[in-house]
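Here is the structure we will look at.
In this chain, residues are counted from 1 in sequence order. Counting starts at 1 for both ligands and their atoms, in listed order.
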Amino acid sequence: MKKNSRTAIFPVAGLGTRFLPITKVMPKEMLPIVDKPLIQYAIEEAKEAGIEEFILVTGKGKSIIEDHFDDAFELGTSLSKGRKINELRDVEGSTIGSGELFYTRQVKPLGLGHAIWCARRFVREQPFVVIAPDDLVLSTRGCLSQMMDVYDEVGGNLVAVENVPKNQTHKYGILDVTSDDGKIVGAKALIEKPLPAEAPSTLSIIGRYILHPEVFTYLESHEVGKGGEIQLTDAIAKTMDRVPFHGFRFKGERFDCGSKIGFLAANIAYALKRNDLGGNVREILKEKYNLG
Ligand code: G1P
């Protein structure tokens with residue numbers, strides 16, 4: 001059995017330019033899906049998959065994320081005095097214990113590959129996980145837990161993939177597919193954000209990766225790729241001759257919550273699934289908007 005990773009990196013330094021004006025001061029990772037910020041969903045998915053060390057690569061204006069995961073002593077005291085047990089559980093559930101959460105700054109916005117490189121000193125010689133919090137996956141078993149199962153068999157570099165419409169390939173890392181059994185996909189190359197006409201497939205990387213530390217040898221060189229940025233996709237591609245690569249078709253529905261439409265769709269989907277809200281939401285959609 002291969003040793004699964006216990007360390008996850010969360011790149012949260014992005015400016016959120018697709019979601020202005022709210023992201024002018026509010027980090028996009030703090031946008032709520034119903035009542036929980038995106039970053040908390042990402043951390044919970046990682047916890048479920050056995051992650052014990054959480055590394056946030058942050059930037060200017062992101063310190064509210066640190067506060068969110070901190071102990072809220074006064075609020076906790078007031079809630080327990082008022083016997084607000086559920087609320088207290090929610091507040092305590094979003095606290096991360098001492099020595100488990102780490103922060104490092106991406107001092108310059110040089111791309112996703114550079115953000116991951118910023119966390120290099122936390123990773124050492126073990127495989128590690130990368131989760132992009134704006135990619136939210138609604139599923140029975142967490143996307144990362146599903147990946148961990150497959151990683152046990154294949155090791156190397158493993159990325160979550162899904163098909164996107166042909167006219168969307170310029171937004172994603174795309175696989176040049178060599179084999180596909182419907183669950184695990186082999187590839188001979190990875191192309192970052194190709195135009196539809198140049199894309200070798202429509203199978204795209206989404207924000208979940210289990211990576212071999214070998215990718216750092218490439219990230220170290222700070223080679224610039226698509227869009228003038230240091231790309232994680234390029235680093236993975238450059239190790240393909242030494243480190244096995246696989247794409248994994250996860251079970252679940254993925255929402256791009258860095259876009260307004262993806263965020264709205266996620267809020268509806270998550271609210272509909274909630275026991276305390278689903279019925280009311282369904283009623284509103286039906287009665288007021290004649291939908292569903
Ligand atoms: C990044 C990666 C891209 C990947 C995408 C998934 O792009 O560079 O390969 O497909 O995340 O969300 P970004 O969305 O940061 O531009």
Would you check if the distance from the ring center of Tyr209 to the ring center of Phe128 is below 6.0 Å? no

So, Glu162 and Arg249, do they make that salt bridge, N to O below 4.0 Å? no

Need the ligand 1 atom indices (1-based, order shown) with element for anything under 4.0 Å from a heavy-atom of Thr233. 9 (O)

Should we say atom NZ of Lys286 is surrounded by more than 12 heavy atoms from elsewhere, each under 6.0 Å from it? no

I need the atoms of ligand 1 closer than 4.0 Å to a non-hydrogen atom of Lys193, numbered in the order shown. 7 (O), 8 (O), 13 (P), 16 (O)

Considering only non-hydrogen protein atoms, determine which one is nearest to atom 9 (O) of ligand 1 and report residue, atom name and distance to 0.1 Å. Glu192 OE1, 2.7 Å

Under 4.0 Å from atom 15 (O) of ligand 1, can you find at least one protein heavy atom? no

Side-chain ion pair, Lys47 and Glu52, N-O less than 4.0 Å: no

Determine, for Tyr41 and Lys36, whether the Lys NZ or Arg CZ falls below 6.0 Å from the six-membered ring centre while staying within 45 degrees of the axis. yes

closest protein heavy atom to atom 12 (O) of ligand 1 is Asp135 OD2, 2.8 Å

Taking only heavy atoms of Gln231, which atoms of ligand 1 are found under 4.0 Å from at least one of them? 8 (O)

Once the angle between the rings of His114 and His222 is folded into 0 to 90°, is it parallel (under 30°), tilted (30 to 60°) or perpendicular (over 60°)? perpendicular

Is there a polar contact between ligand 1 and Ile205, counting only N or O atoms under 3.5 Å apart? yes

Backbone N or O of Ala13 within a donor-acceptor pair of the Thr58 side chain at under 3.5 Å? no

What protein heavy atom sits nearest atom 1 (C) of ligand 1, and how far away is it? Leu112 CD2, 3.9 Å

Can you report which non-hydrogen protein atom sits closest to atom 11 (O) of ligand 1, along with the distance? Tyr209 OH, 4.2 Å

